[in-house]
2 protein chains.
Amino acid sequence: MLLLHLLQYFGIIYFNFNSKYQLSNLIRSNLILKDFQARAPESRCQLCAVNSICLPSGLSKDELCELENIMTTSKVVEKNTQLFNDGEKFHSLYIVHSGMFKNSSLDENGKERILRFSLPGEIMGLDGIHAESYQSTAIALTTSSYCKIPFNQLLDVSEDFPIIQRNLLKIMSKEIYSNKKTYIDLGSTAKLALFIFNISQRFKKRGYSEKEFYLPISQRDIANYLGMAEETLSRIFKKLQKLGAVNYKKHILTVVNQQQLKEIAQLSSPK
Amino acid sequence: MLLLHLLQYFGIIYFNFNSKYQLSNLIRSNLILKDFQARAPESRCQLCAVNSICLPSGLSKDELCELENIMTTSKVVEKNTQLFNDGEKFHSLYIVHSGMFKNSSLDENGKERILRFSLPGEIMGLDGIHAESYQSTAIALTTSSYCKIPFNQLLDVSEDFPIIQRNLLKIMSKEIYSNKKTYIDLGSTAKLALFIFNISQRFKKRGYSEKEFYLPISQRDIANYLGMAEETLSRIFKKLQKLGAVNYKKHILTVVNQQQLKEIAQLSSPK
DNA sequence: CGCGTGATTGATATATCTCAATAACGGTGG
DNA sequence: CCACCGTTATTGAGATATATCAATCACGCG
């Protein structure tokens, strides 16, 4: 706790000490040493851990400066905070800075449908551009932080700096591509194995361990996302552990045998 | 047949008379009166039936002209023609002008996975932008036609005409959004009903009948796309017909009771 | 007219859902 | 710090939807 006060004092990190649970939450969400709100503006993105895969990737210092001028960087929010809501007027893109968010919407029967989990460096709200209203809801799954970019200002800036437009197109293209990896014709075992494998690779890309990480998602939400019953998910988690592929305890996921996990994920359609 | 020759003579349509089956193919693919290859260049997009939902939507005459300068318009291809292949170097976007294409790729086991069916006005190849290589394969399901836009030239032109960039962003946003409508937690009956309903609405948007249309997709492909066995699909088609919701014979699909179809599509998850 | 592909039908196996009950956990207040 | 409560996860038994295998049928096309 003392350490945290010191870090805050020197402007390395910033948060409110209003709960005895915040420390563990911060550690879990990998916020520590990654939140530079107190730093000088011109270096915020440059110091960010995920800048290489984020919108500012490949930008010069000048371009970065223009971009940072219009954006709000690294706002910290508690678990369950909602950034935007399905149907609300679209105005800004939100980028995950740390932690994790879930994006969902309600189906015709009012049931929640989880569309994706967003990790640091990923842009949320892209689906709202065409309709000028958000098409999904973003909710923090753990203490998290985000950056916010007003979309119209982004368009203005990008007219002067085409590379920003290009990056945006690439990011959107990647998102369209990523829907390729659909879980539709996989059996439940392959679904879960693939989900874990994909998440693991995404963590790796962000500089976290691919072997062991804190997964702030409830099993209910995983089951919802993968389109299976909660009970089935529980059983299959157990199965994967028995097989020696992964370990999962109190939201700490360990990939024990990555090769095996990959093979299970590729099991052809025994639905 | 005489009528066709006359139409061609007056430059309204263009095609080769090299098969006695082409006439019916043309009618099926809605090519007639929609293929303006022989017209003056400055009017091609303006005369296109789907320009309002296509990339040129909202462009002025000047902007349209710039765009048409760099694109190849309305090339006719036979059934089974491949426009681009998964893994191939990315260079151009392809827009469906008439007919239908399927976009697919192979999974780890070499099995085909159909990702989407592309209708007139829809852009193919967007998933290739980020990797600079196509991430899927495009194959004509019937006699079809397409327009082709070299991507780098499109970027150049759009630097002068921001509205083109904006349209592109909107189109990509829409595609990201459309993945919301995932089939993952639906039962087979709801899946097929939703698929038919969606296709019907897409046809409607393009000026075709929403009640009756030619569907140039094999049941195998529909089953593949929806992630179910071919046999199941056949049975469910029969079931929907028995229920009086749709009729399907020789690739002619008739929506008999749209309200009922919609209700079946919304049946909550009895997988 | 016949061939090959695509579609249908039936019988059986199996994966997954559902319902119901119990267990473990995380957060709250005393 | 501990006991409590609501939420989240686990386990079991039974019901059901869908896959699979195999055979037949229909159709488009030469």
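Atom set for the values below is all heavy atoms of this structure, side chains included, hydrogens, waters and symmetry mates excluded. In this text, all values refer to a predicted model and were calculated from it rather than measured experimentally.
- Rounded to an integer number of Å, the gap from CE of A:Met228 to P of C:dT14 is 21 Å.
- When ring centroids are compared, A:Phe101 and A:Tyr94 stay outside the 6.0 Å threshold.
- For B:Arg235, the listed nucleotide lying nearest its side chain is C:dT9; candidates were C:dT18, C:dC25, C:dT9.
- In terms of position along DNA chain D, the nucleotide closest to B:Ile236 lies nearer the 5' end than the nucleotide closest to the other residue of the pair B:Lys79 and B:Ile236.
- Taking the side chain of B:Ser188 as heavy atoms from C-beta on, and the options C:dT8, D:dT10, D:dT18, the nearest nucleotide is D:dT18.
- Residue A:Ile114 comes nearest to A:Tyr225 through the heavy atom pair O-CD1, 3.5 Å, listed as atom of the first residue, atom of the second, then distance.
- Dashed line: the shortest gap from a side-chain N or O of B:Lys238 to OP1 or OP2 of C:dT8 is not under 4.0 Å.
- In the set D:dA9, C:dT9, C:dT18, the nucleotide with an atom closest to the side chain of B:Glu231 is C:dT9.
- Counting only N and O atoms by type, the side chains of A:Asp127 and A:Ser136 include a donor and acceptor under 3.5 Å apart.
- Comparing A:His251 and A:Thr232, the nucleotide of DNA chain C nearest to each residue sits closer to the 5' end for A:Thr232.
- Listed nucleotides: C:dC19, D:dA9, C:dA7. Nearest to the side chain of A:Arg220: D:dA9.
- Among the nucleotides C:dT18, C:dA7, D:dA19, the one closest to the side chain of A:Ala229 is C:dT18.
- The NZ atom of B:Lys249 sits 17 Å away from the C1' atom of D:dG28 (whole-angstrom rounding).
- Separation of the B:Phe84 and B:Tyr134 ring centroids falls under the 6.0 Å cut-off.
- Regarding B:Ile217, its CD1 atom lies at a distance of 16 Å from the C1' atom of C:dA7, rounded to whole Å.
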